[in-house]
Amino acid sequence: MTPEQRIYELRDLLHKHNYNYYIKNAPEISDFEFDAMMRELQELEAEYPQFDDPNSPTRRVGSDLTKEFVQVAHKYPMLSLGNTYSKAEVADFYDRVKRALNEDFEICCELKFDGTSISLTYEDGKLVRAVTRGDGEKGDDVTANVKTIRSVPLLLTGDGYPREFEIRGEILMPWDVFEQLNRERAEREEPLFANPRNAASGTVKLQDSSVVAQRKLDAFLYYMLGDGLPQDGHYENLQYAASWGFKVSDATRKCRTLEEIYDFIDHFDVARKSLPYATDGVVLKVNSQRQQRNLGYTAKSPRWAIAYKFQAERAVTRLNEVTYQVGRTGVVTPVANLDPVQLSGTVVKRASLHNADIIEKLDLHIGDMVYVEKGGEIIPKITGVDTEARFLLGEKVRFIAKCPVCGAELIRNEGEAAHYCPNDTGCPPQIKSRIEHFVSREAMNIDSIGPETVELLYKFGLIHNISDLYNLDGNDLYLLPRMGAKSAENIAASIRQSLNVPFERVLFALGIRYVGATVAKRLARAFVTIERLMDADVEALMAVDEIGERIAGSVVEFFARESNRELVSRLQSAGVRMALDEEIVAEKSDTLKGQSIVISGVFEKHSRDEYKEIIERNGGKNVGSVSKSTSFILVGANMGPAKLEKAEKLGVRIVAEDEFLAMIGEG
């Protein structure tokens, strides 16, 4: 078999197994076998680029070749639906349709998915474009990101589909993926997504499709448009779409009477709580497309469809106590401890109160009967107090003044909502959380140490800070409860391996407040060694691209503490890298010194992130918007029209990719 034949064979097999797994939920091979075929195809495509295909299964993994989203006009406007919140309003809609049509009709009832709307265009059975709703008239082209969603077919199966058509649907983030994502963000002390809808919407608009691929989005398709559709009936067309490989919800029913519609609503008002994805209502559509055309549209929405919104589920329970949790950077979060109450299919005992301002706004007292909802039906929150139920007023809830663990006086910076404990070297939860952060995959990647092992190491006095990790040996670890010889050696080996982690990740691993992975990389590239960074003042730090006063102040404060300088010294002595690799330093130059550069478009030679690094490496500054002070715009294909217009207006120079590479000596 020739390489070309094997490439096409692998593509066919992977498309088939992807469909079996994500659409039919009936896998025929193991994940290992699937991944092995995917790797083989990736290697063959890299070796034989002449057989490239934009709809290859390898596009599912995404790419870091990012782009600004291009605005695309919708062939058919994407209008929003009118909302109703009562059965009486549903009856009004039904009667209006009945009077307007004056003939028999059917209503297609389907779930209203709580995600982000998408429009997919297919030509000759291939996905060619994916566009967001936008303003209804035009949206963003997010094709590269949508191709990473496994339940969106890149190539259709079967036959009978129109040569060109559009199908619309909803991109979702399943509950389990949403919960895992928020757990990871909480561990990094990043803001949590409020609900799966926001998470899905934000993910679809990410500039890096490889990150989108990691988020495991899903999609249901629910409306087809175009000439030459198989049937007049909307429901019937969805069944055809399912046969072509689209994921169509089984929770779709044709109804002929108002009573059947009510039955559907009542059933899913309960059943939705056990679904693996978020829904917030039911959509009612006149089934016949001929009748839809006859009913027409208002200025904002179709007359042939309406959305019935479920009421948010709310419970009342007693507030027994407010406790406080201390995070890695010392942020103190209040937690309401409640009488157990059933809510959206789960028992709720605790709810976050976020900060002192929320507590004050609610005017909480111990013993209050409080209203509890789930934000996005997953994060419990207190939304109010039943003041009429107060008969013996308990103690007013006031935010604590001292750390609940170490007793240090709490601090609240001006302009911030959170209080935090400043005792970062003596507060046990901060110490343990900082160690967990240090060993995490994104930081030092000591993957054999998890939270339970950190707890044991701290409890038995083997570690008091992150530098103590490098004093451990197999014998120390072997003495821990439930620790076998093999596990102990794996941990010791993983710690030794972490000495190869580059400086920018070491800097992130230190856990400096406000210094995430991206900021750490910028600081490492700007100052090269830990000594220069430790000696930098606020002004020098703020001269680095995208480093503001808050970050700069935090870095200065961190290294002003003798305990942190001693920590760095101990890590250095252990062999942890505290300077940029010589190869990276050798590539630095002043070619672009003093120049502010905007990047726009899609590039062939490097990704956008790589160009940002190249600019910084050559002394330039990356800026996000065009202004009079912009030196030039580095442009690729599909430059954003707004930036082009502004550049022309201000007379800002446009530099193409090849010209730029020649400018820095890489032409």
Side-chain angles (χ1 to χ4, degrees), residues 175 178-180 182-187 189-195 273 312-412 416-421 423 427-433 436 451-452 454-455 458-459:
W175 284 123
F178 171 72
E179 292 169 359
Q180 178 62 30
N182 264 352
R183 279 195 294 270
E184 292 170 357
R185 293 175 73 86
E187 289 170 3
E189 297 196 359
E190 296 174 353
L192 302 186
F193 285 114
N195 50 54
K273 296 165 189 173
E313 188 175 359
R314 184 169 73 162
V316 180
T317 189
R318 186 180 306 279
L319 172 65
N320 295 318
E321 183 186 19
V322 175
T323 54
Y324 297 83
Q325 296 176 338
V326 184
R328 171 175 62 86
T329 59
V331 172
V332 178
T333 303
V335 178
N337 294 267
L338 313 165
D339 277 351
V341 62
Q342 190 80 14
L343 187 62
S344 296
T346 60
V347 176
V348 173
K349 299 178 183 178
R350 292 153 58 87
S352 173
L353 288 167
H354 301 293
N355 54 56
D357 294 341
I358 297 293
I359 290 175
E360 189 62 32
K361 183 179 179 181
L362 289 168
D363 187 30
L364 284 175
H365 291 72
I366 299 300
D368 269 341
M369 299 303 293
V370 295
Y371 297 109
V372 183
E373 294 181 9
K374 282 189 174 182
E377 298 192 4
I378 193 64
I379 304 173
K381 62 181 179 181
I382 294 176
T383 58
V385 178
D386 183 359
T387 55
E388 294 183 3
R390 286 175 172 167
F391 57 94
L392 287 174
L393 197 62
E395 181 182 352
K396 181 177 173 63
V397 178
R398 302 183 188 279
F399 203 91
I400 55 176
K402 294 184 178 181
C403 175
V405 182
C406 72
E409 291 284 342
L410 298 184
I411 293 173
R412 181 176 181 178
E416 294 186 11
H419 286 74
Y420 74 94
C421 170
N423 183 22
C427 186
Q430 289 190 65
I431 294 169
K432 288 183 282 188
S433 294
E436 290 174 19
E452 291 182 2
V454 170
E455 179 66 40
Y458 186 81
K459 179 181 178 180

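The residues of the chain are indexed from 1 along the displayed sequence.
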Which heavy atom in [X] sits nearest to a heavy atom in [Y], and how many Å separate them?
| X | Y | answer |
| --- | --- | --- |
| Ile400 | Leu410 | O-CD1, 3.5 Å |
| Pro380 | Ala351 | O-CB, 3.8 Å |
| Ile382 | Ala336 | CD1-CB, 3.6 Å |
| Val326 | Cys427 | CG1-SG, 4.2 Å |
| Ala315 | Val341 | CB-CG2, 3.5 Å |

| said: Apply side-chain contact (heavy atoms from CB on, under 4.5 Å) to residues Val397 and Ile366 and explain how you reach the verdict. | reply: CA-CA 7 Å; Val397 178; Ile366 299 300; 3.8 Å; yes
Measuring from [X]:[atom1] to [Y]:[atom2], what's the distance to the nearest 0.5 Å?
| X | Y | atom1 | atom2 | result |
| --- | --- | --- | --- | --- |
| Leu338 | Arg318 | CG | CZ | 11.0 Å |
| Asp368 | Lys396 | CG | NZ | 9.5 Å |
| Ile358 | Lys361 | CD1 | NZ | 6.0 Å |
| Glu416 | Ile411 | CD | CD1 | 11.0 Å |
| Glu395 | Glu321 | CD | CD | 11.0 Å |
| Arg183 | Phe178 | CZ | CZ | 11.0 Å |

| message | Just checking Glu360: does its CD atom have more than 12 heavy atoms from other residues, nucleotides or ligands closer to it than 6.0 angstrom? | response | no
| task | List for me each residue that meets salt bridge (Lys or Arg N to Asp or Glu O under 4.0 Å) alongside Glu455, sequence neighbours excluded, and say none if there are none. | result | Lys432
Does a side-chain heavy-atom distance below 4.5 Å link [X] with [Y]?
| X | Y | result |
| --- | --- | --- |
| Val385 | Asp363 | no |
| Pro404 | Thr323 | no |
| Lys349 | Asn337 | no |
| Asn423 | Cys403 | no |

| message | Determine whether a donor-acceptor pair (N or O, by modelled atom type, separation under 3.5 Å) exists between the side chain of Thr317 and the backbone of Asp339. | response | yes
| said: In terms of relative ring orientation, are His419 and Phe399 parallel, tilted or perpendicular, with 30° and 60° separating the classes? | reply: parallel
| Candidate pair Leu353 and Leu364, rule side-chain contact (heavy atoms from CB on, under 4.5 Å), full reasoning | CA-CA 10 Å; Leu353 288 167; Leu364 284 175; 3.7 Å; yes
